[in-house]
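Notes follow the structure.
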Amino acid sequence: MITSSLLPAPASRQMRIWLCVGTILATGLSGLQLSREAHAAEDEAASLEALEHQMAQIQEQQKALQKALVGMQKQIAAHRAALGGHAGGSATHSAVDGSSHHTLTTARNTVSGSGGTSHKGWSPETGAEEAGLEPAEATSTAMNTPHHMVHHATGPDAQPIFSGVDTHPDVEAVIGHRAEDVISRIAENSVGPHARETAGAQAAGALGDHGVFHMGPVTLILGGFLDASAVVENRHVPSGTFNYWQAMPYPNESRYHTNNFEGSARYSRISLMARGNVDNHSTISGFFEMDFGAGAATTDAYESNSYAFRMRQAYLAYDNSDLDFHFLAGQAWSMLTPGRIGIIPRQESLPETIESSMLAGQTWARQLQFRFVKDFLQHRLWLGLSIENSATLYDTTGFTNADGTVTLPNGKTATISSNGTGLTNDAPFSNEIAPDVIGKVAWDPHWGHYEAVGILHFPHDRVASLGQGHNNTAIAGGGGGSMVLPVVPHKVEVRLAGLAGVGIGRYGSVLLPDATLKADGDVAPIPSVQATGGIIAHPTPRVDVYGFFGYQEAGRRYSSYGGGAYGYGNPNYSNLGCETELSTLGCTANTRSVMEATVGAWYRFFKGHYGTVEAGAQLAYSRRDAWKGQGGGPDTSMSQIFLDFRYLPFQ
């Protein structure tokens, strides 16, 4: 080994220099190799990232191609159906996934008024108020084929077409919807269909977006709610949350001086709708609605509270959007009931009150009818004619009435009703010669809903003596109207309604009589008037606040014969004992008028895919005035607090 000490000085320095250079070169080469390896790793990572990005793009393109393919398949199916319809064959099935029924993602099945604004569709976030429909099935696109270019396919999967729009929804958009619901949104009046969660919508029978099932081409939709309601009142009227105002006691009865609490779940409700497409212009649907409001012979409040299952509504409806024609047959809300858009079932304008009798002066009935409706001017003008079941509510004060057979002062008898037999309950059913005839015109401009309505009624009885007799028929009826004024569209609205005439008292919630009898047994229709007004606000999607006033009045129809007093509101009747508890003096007190003022609110504190849970509270004050007789005209009043909890699993 040669050391630096043995080398000359210049050589030693050169050696140290070369060693230093070698060290530097070795270090540089090592660093260069490491740098190359790092760059190679970075290049490899970038390549993998680029490949992943390209793969994602390819997947998106595949999804787009799949959607385009589905669209082409639908168009091919539609063309085949159209060709099959022209050739007399059956329509091919539409490529619709029946399990898709959760979100209405487009609103092309509705158009705006002159303002040109569109309406949002249903989604779990926006809720029903924005949609204004009762959705049950999803939609993804709306076809752009003009109405006049579409072939008329037939069959349950045919694509519905709605007049008044340039584009129409495909079958996905409307299956599960009633055609009239879609039509009601075309003629936007700033009122719109009921917000489904409101008590007014629930009373009318609104359906939600849950509880939807498919049985082949037929869609089934469940509806209803579980109800727990109670009332606290300062008079004892044993009718629960159903106000029977004519039973409000005067001071001569002990129940006038006692408070009362009563609660029940009897007004819980369940409904079912079945709907199918006949062809691309017409649909047919059936609707059932039931509750437990009836009292069976064994019903009592001491043990089981077993109230009876009863029918509220049961009808079929046919809607043709090509002819703008609508037909209904069955038991439904009378066409005399005020509405809120068009003349459409389940869009009746009913108060949001908790009381199941709704409101004094409210015009309504649920009865058999055959209804024919035609709409014009892109669903803004509606004309309707309804043939409905008739029933005359008689007052026979002063007469002796034995199950509908009335003894007259001249010795003859008048038959006004007979008790039901067979499968019909043992209660009076009036003699009727003809059904009630109701006509209505409804107008939906861009602001508000307006109606005019008229009715003809024909009270009928028979007067007989031994071996002979004759029939009597009177002509009764009246007219009125209603309006819904959207002060703040879909937020605050004012409702006004009224009806006046003779022989039509039963169409008001108070159930004042339609007619009485003259001394000779002839029918005497009683004049009546009824009116309601209210303001309803929806300050938030979870809160509804309301205030209503209602009034109903019956006139006088009376006669005297041989010193006796007969008829309704006769001033010779005795009212001397009405103001004294347990008085033995008379208290005839035929009701002259009933008024009610009420305020209340509903709060929905749970709402989601599991349904809606809401609570309500209502304060009400009612007053009953009687016609004056001997001793004056008594009056009575009642104050009430209503409370309610409801679970709506399908809303």
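Quick note: numbers below take in every heavy atom, side chains included, and nothing from hydrogens, waters or symmetry partners.
- Cation-pi contact between K374 and F372: absent, since separation from the ring centre below 6.0 Å together with deviation from the ring axis within 45° is not met.
- At a threshold of 4.5 Å between non-hydrogen side-chain atoms, the residues N389 and P435 do not count as touching.
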Tell me, with the steps shown, if S482 and E451 meet side chain to side chain donor-acceptor pair (under 3.5 Å).
CA-CA 5 Å; S482 66; E451 294 183 352; 3.1 Å; yes
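- Scanning all heavy atoms of the two residues, the minimum distance from F225 to Y267 falls at CE1-O, 3.6 Å.
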Working note: D291 + R312, criterion salt bridge (Lys or Arg N to Asp or Glu O under 4.0 Å); need CA distance, chi angles, decisive distance, verdict.
CA-CA 7 Å; D291 69 8; R312 288 174 59 89; 3.3 Å; yes
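- Counting only distance, with no hydrogens or angles, the side chain of S528 and the backbone of Q552 share no donor-acceptor pair below 3.5 Å.
- What you find for E348 and I344 is that their closest heavy atoms are OE2-O, 4.0 Å.
- Contact check for Q362 versus L350: side-chain heavy atoms found under the 4.5 Å cut-off.
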Would you check, one step at a time, whether the test salt bridge (Lys or Arg N to Asp or Glu O under 4.0 Å) holds for R604 with D544?
CA-CA 9 Å; R604 291 176 281 279; D544 301 317; 2.7 Å; yes
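- Distance check: D444 CG to L377 CG gives 11.0 Å after rounding to the nearest 0.5 Å.
- Counting only heavy atoms from C-beta outward, the side chains of Y546 and T353 approach each other to under 4.5 Å.
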Would L222 and L272 count as a side chain to side chain contact (heavy atoms under 4.5 Å, CB included) here? Give the steps.
CA-CA 5 Å; L222 293 176; L272 173 67; 3.8 Å; yes
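- Under a 3.5 Å cut-off, the side chain of Q378 and the backbone N or O of F376 do not form any donor-acceptor pair.
- Contacts of D227 classified as salt bridge (charged side-chain N to carboxylate O under 4.0 Å, His left out), with partners at least two apart in sequence or in another chain: R646.
- A donor and an acceptor atom, one from each side chain of Q530 and E553, are nowhere located under 3.5 Å apart.
- In this structure the side chain of I504 reaches within 4.5 angstrom of the side chain of I455, judged on heavy atoms.
- With sequence neighbours excluded, no residue forms a salt bridge (charged side-chain N to carboxylate O under 4.0 Å, His left out) with R371.
- Looking only at distances, no side-chain donor or acceptor of R196 sits under 3.5 Å from a matching main-chain atom of A201.
- Between the CD atom of E388 and the NE2 atom of H457 there is a distance of 12.5 Å, given to the nearest 0.5 Å.
- Judged by distance alone, with hydrogens and angles left aside, the side-chain atoms of K440 form no donor-acceptor pair with the main-chain N or O of I343 at under 3.5 Å.
- Counting heavy atoms from C-beta on, the side chains of S271 and M290 never come closer than 4.5 Å.
- Nearest heavy-atom pair across N189 and P486 is O-CG, 4.0 Å.
- When all heavy atoms are compared, the tightest approach of V437 to L385 is CG1-CD1, 3.9 Å.
- Look at E493 and R495 and you find a salt bridge, because one of the NZ, NE, NH1 or NH2 atoms lies within 4.0 Å of a carboxylate O, short of that distance.
- When side chains are defined from C-beta on, Y315 counts as touching P345, because their heavy atoms get closer than 4.5 Å.
- Formation of a donor-acceptor pair under 3.5 Å by the T612 side chain with backbone atoms of Q651 is found in this model.
- The two atoms that bring T241 and S229 nearest to each other are CG2-OG, 3.7 Å, heavy atoms only.
- The backbone N or O of P193 lies less than 3.5 Å from no partner atom in the side chain of Q347, so there is not a single donor-acceptor pair.
- For S282, the side chain to side chain donor-acceptor pair (under 3.5 Å) partners at least two apart in sequence or on another chain are D279.
- Counting non-hydrogen atoms of other residues, nucleotides and ligands closer than 6.0 Å to OH of Y318 gives a total above 12.
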Pair R275, I284 - check side chain to side chain contact (heavy atoms under 4.5 Å, CB included), show working.
CA-CA 6 Å; R275 181 193 178 281; I284 191 166; over 6 Å; no
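- T219 is listed as a side-chain neighbour of V212, based on a closest heavy-atom distance under 4.5 Å.
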For side chain to side chain contact (heavy atoms under 4.5 Å, CB included), just list the numbers for I341 and V191, CA-CA rounded to whole Å, side-chain angles, deciding distance to a tenth of an Å, and then say yes or no.
CA-CA 7 Å; I341 187 164; V191 176; 5.8 Å; no
Assess the residue pair L226 and L648 against the criterion (side chain to side chain contact (heavy atoms under 4.5 Å, CB included)); give the C-alpha distance rounded to whole Å, side-chain angles, the decisive distance to 0.1 Å, and a yes or no.
CA-CA 7 Å; L226 285 81; L648 295 85; over 6 Å; no
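- When all heavy atoms of V594 and A360 are compared, the closest pair comes out as CG1-CB, 4.1 Å.
- No hydrogens or angles considered: nothing links the side chains of S334 and W364 as a donor-acceptor pair under 3.5 Å.
- Judged by distance alone, the side chain of R269 and the main-chain N or O of E289 form no donor-acceptor pair under 3.5 Å.
- For the atom pair CZ of F642 and CD of E355, the computed distance is 4.5 Å after rounding to the nearest 0.5 Å.
- Between the side chain of Q202 and the backbone N or O of G200, no donor-acceptor pair lies under 3.5 Å.
- The backbone N or O of H281 sits less than 3.5 Å from a side-chain atom of S321, completing a donor-acceptor pair.
- Annotation for F645: atom CZ does not count as buried by contact number, only 12 or fewer foreign heavy atoms lying within 6.0 Å.
- With rounding to the nearest 0.5 Å, the separation of CD in E614 from CZ in F606 is 13.0 Å.
- Using a 4.0 Å cut-off between charged nitrogen and carboxylate oxygen, R506 and D436 count as a salt-bridge pair.
- Listed for the Q369 side chain is a donor-acceptor partner under 3.5 Å among the backbone atoms of A332.
- Between H326 and W382, a ring centre-to-centre spacing shorter than 6.0 Å is recorded.
- I221 contributes atom CD1, which lies 11.5 Å from atom CZ of F650 (distance to the nearest 0.5 angstrom).
- A donor and an acceptor atom, one from each side chain of T598 and E596, are nowhere located under 3.5 Å apart.
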Checking Q313 against Q331 for the side chain to side chain donor-acceptor pair (under 3.5 Å) test, could you report, in this order, the C-alpha distance in whole Å, the side-chain angles of both residues, the deciding distance, and whether it holds?
CA-CA 5 Å; Q313 299 189 77; Q331 178 163 308; over 6 Å; no
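- Residues P649 and H210 fail the side-chain proximity criterion, which asks for heavy atoms closer than 4.5 Å.
- Within the model, atoms CD1 of I536 and OG1 of T198 stand 9.5 Å from one another, a figure rounded to the nearest 0.5 Å.
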